[in-house]
Amino acid sequence: MGAVEEIAAAPRRPAGGGALRGLRTTLRELLRRPAGVIGLLIVGLLIVLAVAPGLVAPYAPDQQVLVDRLQGPSAEHLLGTDKLGRDILSRLIHGVGIALVVALPAVLSALVIGILIGVTAAWRGGLLDAVLVIVLDALQAFPAVILALALLALLGPSLRNVIIVIAIAFIPGYARVARALVFSMKGNQWVEAERALGASPLRIVISHILPNILPSLFILMAMDIPSAIVVEAGLSFLGLGVQPPTPSWGVILADGFESVMQSPWAIVFASIVLMISTLGFTLLGETVRDIVDPRLAGVQRRRI
Amino acid sequence: MSRGLLRVEHLEVRYRTAGADLPVLRDVSLHIDAGEIVGVVGESGCGKSTLSSAILRLLPPNGAIAGGAIHLGDRELTSLPAEEMRRLRGPEIAMVFQDPLSSLNPVFTVWTQIRDAVRAHASRGAFDARGLRTRTAATLTELGIPDAERRLDDYPHQFSGGMRQRIVIAMALLLEPQLLIADEPTSALDATMQAQIVSILARLRRERDMAIMFVTHDLALVSHLCDRVVVMYTGVVVEEGPVARVFRDPIHPYTRALLASIPSRHEHVERLATIPGSVPSLSDLPAGCPFADRCSAVRATCRSSVPAVRQQDGRLVRCFAGDPSSPYASEPPEVAVGTAP
Amino acid sequence: MGAYLLRRLVMTVIVIILIMVFLGALVHVIPGDPTTLMLGPRATPELAAEVRASMQLDRPVHEQVASFAANALQGDLGVDFVTKTPVTELILQALPETLTLAFASLILAALVGIPVGVLSAVRPNSIPDRLTAVISIALITIPPYVAGLILLIIFAVRLKVLPTIGSGEISDPADYAQHLILPVVALAVTWIGYIGRLVRASMLEVLNADYVRTARAYGLREGLIAYKYALRNAIIPTIAILGVAFGSLIGVAIFVEVIFARPGLGTLVYDAIMSRNYPVVRGGVLVIAVLFVLANLAADIAYQIADPRIRVRAGRGE
């Protein structure tokens with residue numbers, strides 16, 4: 001009796017308006033921190049470039065002018081030209097969209113599938129949980145790049161396959177965290193009470209557990225985006241990811257590597273862009289984490 | 001009255017925080033003579049631990065001594081160069097901390113730590129490890145640790161809390177300081193161990209004529225062990241004097257309230273007396289006496305000016321009540337507050 | 001500690017077996033005909049038939065997977081498609097190069113990262129500390145392939161002080177070492193930044209610990225406190241990271257091996273992917289994964305040994 005009354009009196013997590021309010025305060029706090037401002041600016045810029053590259057890029061990314069190949073920075077080509085005479089700046093700008101079109105779906109899918117696996121494992125417990133944990137352990141035993149290589153060797157290199165492969169590499173991470181979070185909530189009074197009142201497991205999961213674990217998981221996802229970008233660029237550099245002439249930054253690096261003896265500019269500028277993007281996402285992700293849930297600072301993210 | 005060993009005069013300590021400068025200690029004065037045990041009591045946050053740290057100049061990076069002086073014998077500590085200060089930590093003033101588990105380094109054996117502490121003060125070439133080991137084992141045995149010689153090579157986590165505290169005390173003793181500051185040495189221990197530690201401290205004073213500053217929130221322990229007591233409240237000393245007198249007949253309303261809130265095992269009480277109100281925060285100190293809001297004898301003067309320390313009835317008190325020369329004497333009392341006596 | 005280690009060892013063995021099962025089953029789990037997956041769409045029918053026979057793809061799936069795992073446990077990883085050489089032989093030939101790379105990078109990362117971390121922690125928020133903080137964070141964002149490419153450009157192409165290609169003559173240590181420098185630095189860059197931050201964070205935590213306060217209260221010199229009393233505690237989590245780093249380094253070595261055209265496990269796997277030589281890919285990935293798992297296990301064991309609270313059982317007190 002007492003327990004139910006306690007539950008009824010306990011503050012519930014506000015939905016809708018509350019979440020939005022939380023967003024606004026987070027944003028305000030974010031803007032107070034230099035790391036947050038820088039991260040936000042960079043990510044904002046990247047999103048703009050991803051959505052409308054044509055507006056900013058001076059040339060088309062595949063426009064070849066072979067006469068002008070391998071030029072250094074100049075008035076017509078701010079960052080120079082690559083081995084086929086294409087404007088490096090334009091290719092890099094179009095590369096933003098590629099990077100995000102791989103990284104975001106990959107990490108998002110990993111999140112969704114990871115949550116499904118993790119919540120199921122923690123909720124059912126027992127043998128299913130034990131088996132899943134060992135399987136996840138085995139999956140995490142592969143360095144991300146190596147796992148990707150094994151899969152791409154069979155699937156064949158393509159942008160779509162890179163997304164799949166990166167997602168698979170990140171799934172165990174989310175599954176483990178989701179599982180841990182659910183376990184910590186399973187003994188929760190609310191959950192016990194709801195069960196006692198006969199609520200179905202699905203309902204409990206959707207209305208109680210998910211809202212509590214999602215914010216933390218989203219933050220982890222934000223922090224994984226830079227890793228995903230780096231892995232994709234690495235795989236594309238090796239020729240196993242996005243295929244040329246699509247201007248993934250990794251492809252630009254590979255093209256530059258081919259002609260590294262003659263002109264370093266493609267590599268130099270692609271590297272700078274890659275690192276700034278990584279830095280932007282990392283700063284934003286870490287600052288949001290520090291604001292919203294500093295406990296997450298200890299959670300190990302996948303290294304490539 | 002011999003003004004011997006330690007004299008703290010009008011000490012002021014401030015902590016710099018993100019918001020503001022917090023005046024953690026204000027105009028704190030006290031003295032300890034050789035062979036005396038002085039208790040420093042007060043609630044959490046009254047500044048007694050800060051006082052201990054300040055004496056050893058071990059304040060955290062955002063803390064600083066902003067005024068006053070600390071005399072040890074004929075040396076003034078606040079202006080001592082860092083290296084000289086380091087040399088007197090241990091051999092002249094030693095400190096025993098509250099939590100014996102975290103006070104000892106978990107990755108080194110007990111012997112290593114004691115040896116390093118002593119060796120840090122040995123003059124070049126004059127360090128006799130074997131002799132020290134024998135003396136250490138003897139001291140540990142004296143303090144009640146069985147099988148001391150062998151156990152010197154154990155790690156701190158292999159000892160119980162009470163024994164760890166004794167190891168720290170042993171480390172202090174081996175340096176033969178004139179003054180031992182015990183900062184809540186028993187707060188992390190259970191009652192039996194508390195009693196043992198207290199009896200060790202009493203024995204130390206008897207046998208070695210050691211001066212001890214015993215910082216605690218436990219008034220009962222103070223009444224058993226100490227000669228004099230210093231009562232602190234939000235960074236100021238409110239009453240100081242011989243234990244028997246202060247405890248039997250406290251003058252300051254805070255001291256009275258503190259003593260009244262100890263449950264006595266001889267009386268059955270309906271409800272535990274508490275002091276109404278709460279401790280003012282250091283960033284928001286009231287203009288007058290810091291205890292004014294919770295004081296049962298508060299009057300207008302109390303709220304507008306801070307009382308100075310006066311001599312009264314054989315001790316020092318910081319209170320307007322009982323001072324015939326202050327405006328307090330002629331003012332009407334405010335309406336009674338809560339259940340404070 | 002003993003019980004924990006035993007459990008950990010058993011788990012490790014199980015994970016390794018699972019890795020083998022996973023890799024053995026991979027061809028069958030991915031949608032599509034195994035032979036086409038492995039050889040690609042342009043394989044000739046004869047080659048396909050040959051592969052199907054030599055890999056015994058007509059047997060039931062679970063039998064194939066079991067036999068692969070059983071063989072793998074005994075060191076037999078099949079033969080490659082092209083030259084019919086045992087895969088294990090090819091891997092053992094290539095492995096030492098990669099191990100050398102990984103080891104050298106690890107040592108470099110530790111030798112630079114740890115002192116930097118300690119010095120930063122001892123003077124927190126000073127100008128050198130803030131400077132190293134910015135540099136460390138920058139280093140962490142540099143992926144190994146970017147580091148390799150930039151170093152290649154600066155030192156090999158532009159300045160021409162270091163070689164661009166190959167691993168040099170093993171019989172000539174100086175030459176070999178010269179060829180090692182750029183790849184090792186490229187691999188170590190990220191970890192230098194990471195270890196530097198980690199050591200700094202651990203040291204700061206430790207320097208604020210009560211036992212450091214005790215050491216100060218007894219007049220120990222600051223140098224002794226930092227380099228003996230504090231570091232010995234702070235190094236414990238770092239040791240664990242070093243093990244993880246080693247495993248990770250073996251995985252990303254492929255990038256510098258490709259960039260600097262060095263022989264090694266990474267190049268072996270890379271070439272095999274390009275030439276559709278699946279058994280080599282599978283074998284190489286397996287070995288790398290197993291090494292990764294073992295490196296993590298070693299790190300765990302080292303961590304247990306380093307911390308006396310775990311190594312020496314408590315409870316001999318009263």
Side-chain angles (χ1 to χ4, degrees), chain A residues 35 133-135 137-157 226-227 229-231 233-234 237-240 249-250 253-254 256-257 260-268 270-272 274-283 286 297 300 302-304, chain C residues 11 14-19 21-23 26-27 30 32 34 37-38 40-41 137-138 140-147 149-150 152-154 156-158 164 190 194 244-245 247-252 254-255 258-259 269-270 272-274 276 278 281-282 284-286 288-290 292-293 296:
Chain A
V133 165
I134 298 191
V135 168
D137 259 352
L139 212 52
Q140 278 187 307
F142 293 87
V145 169
I146 300 301
L147 180 64
L149 290 179
L151 293 170
L152 287 170
L154 294 174
L155 291 170
S227 306
I229 295 179
V230 166
V231 170
F237 169 72
L238 290 176
L240 298 170
W249 293 330
L253 282 173
F257 182 53
V260 68
M261 292 307 212
Q262 293 107 303
S263 169
W265 299 113
I267 292 180
V268 168
S271 303
I272 293 176
L274 182 60
M275 294 197 305
I276 292 180
S277 311
T278 319
L279 188 68
F281 275 103
T282 307
L283 284 178
E286 284 187 358
Q300 285 280 42
R302 224 191 206 295
R303 310 204 47 85
I304 68 165
Chain C
M11 287 290 293
I14 296 181
V15 167
I16 291 181
I17 295 179
L18 273 180
I19 291 176
V21 165
F22 177 73
L23 285 173
L26 199 54
V27 188
I30 294 181
L37 282 176
M38 286 189 284
I137 296 177
I140 295 177
T141 44
I142 302 181
Y145 49 89
V146 164
L149 287 170
I150 300 290
L152 180 73
I153 292 178
I154 298 179
V157 176
R158 294 282 132 161
T164 57
T190 317
Y194 197 62
V244 173
S248 167
L249 284 168
I250 295 183
V252 291
I254 179 171
F255 289 113
V258 165
I259 293 174
V269 170
Y270 181 68
I273 297 180
M274 292 313 183
R276 292 256 165 207
Y278 184 68
V281 177
R282 181 178 55 182
V285 168
L286 190 149
I288 293 177
V290 169
F292 189 63
V293 169
N296 279 308

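These numbers were taken from a predicted model, which means no experiment stands behind them.
Taking CG from A:Leu253 and CG from C:Leu149, the interatomic distance works out to 6.0 Å, rounded to the nearest 0.5 Å. Rounding to the nearest 0.5 angstrom, the gap separating the CD1 atom in C:Ile273 from the CG atom in A:Leu152 is 7.5 Å. Interatomic distance, CH2 of A:Trp265 versus CD1 of C:Ile153, reported as 9.0 Å (0.5 Å rounding). Of the inter-residue distances, the one linking A:Leu147 atom CG with C:Leu26 atom CG reads 8.5 Å to the nearest 0.5 angstrom. Atom CD1 of residue C:Ile30 and atom CG of residue A:Leu151 lie 5.5 Å apart, to the nearest 0.5 angstrom.
Residue A:Met275 comes nearest to C:Thr141 through the heavy atom pair CG-O, 4.1 Å, listed as atom of the first residue, atom of the second, then distance. The two atoms that bring C:Arg158 and A:Gln262 nearest to each other are NH2-O, 4.2 Å, heavy atoms only. Smallest separation of non-hydrogen atoms from A:Pro143 and C:Gly247: CG-O, 4.5 Å. In plain terms, the two heavy atoms of C:Arg276 and A:Gly156 that are nearest each other are NH2-CA, 4.5 Å. Nearest heavy atoms, C:Phe292 versus A:Ala141: CD2-O, 2.6 Å. Nearest heavy-atom pair, C:Leu23 versus A:Ala150, reported as atom, atom and distance to 0.1 Å: CD2-CB, 4.4 Å.
Considering only heavy-atom pairs separated by less than 4.5 Å from chain A, the leading option among C:Val269, C:Ile259, C:Val27, C:Ile288 is C:Ile259. Note on C:Ile137, C:Asn296, C:Ile19, C:Val293: by heavy-atom pairs under 4.5 Å with chain A, the leading option is C:Ile19.
Neither the backbone nor the side chain of A:Ala270 has a heavy atom closer than 4.5 Å to any heavy atom of chain C. For C:Ile14, the part sitting under 4.5 Å from any heavy atom of chain A is the side chain, from C-beta outward, and nothing else. Of the two parts of C:Ile142, the backbone and the side chain both hold a non-hydrogen atom closer than 4.5 Å to a non-hydrogen atom of chain A.
For C:Tyr270, the ring pair (Phe, Tyr, Trp, His ring centres under 6.0 Å) test picks out no residue, with sequence neighbours left out. In this structure A:Asp137 satisfies the side-chain hydrogen bond (donor to acceptor under 3.5 Å, both in side chains) test together with A:Arg176, sequence neighbours excluded.
Side chains of A:Leu149 and C:Val281 form no contact here, defined as non-hydrogen atoms less than 4.5 Å apart. Proximity of A:Leu274 to C:Pro143: side-chain heavy atoms (C-beta onward) are separated by under 4.5 Å at one or more points.
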Report task. Go through C:Tyr145 and A:Leu238 one step at a time and tell me if the side chain to side chain contact (heavy atoms under 4.5 Å, CB included) criterion holds. Result -> CA-CA 10 Å; C:Tyr145 49 89; A:Leu238 290 176; over 6 Å; no
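Below 30°, between 30° and 60°, or above 60°: for C:Phe255 and A:Phe237 the angle between ring planes is between 30° and 60°, a tilted geometry.
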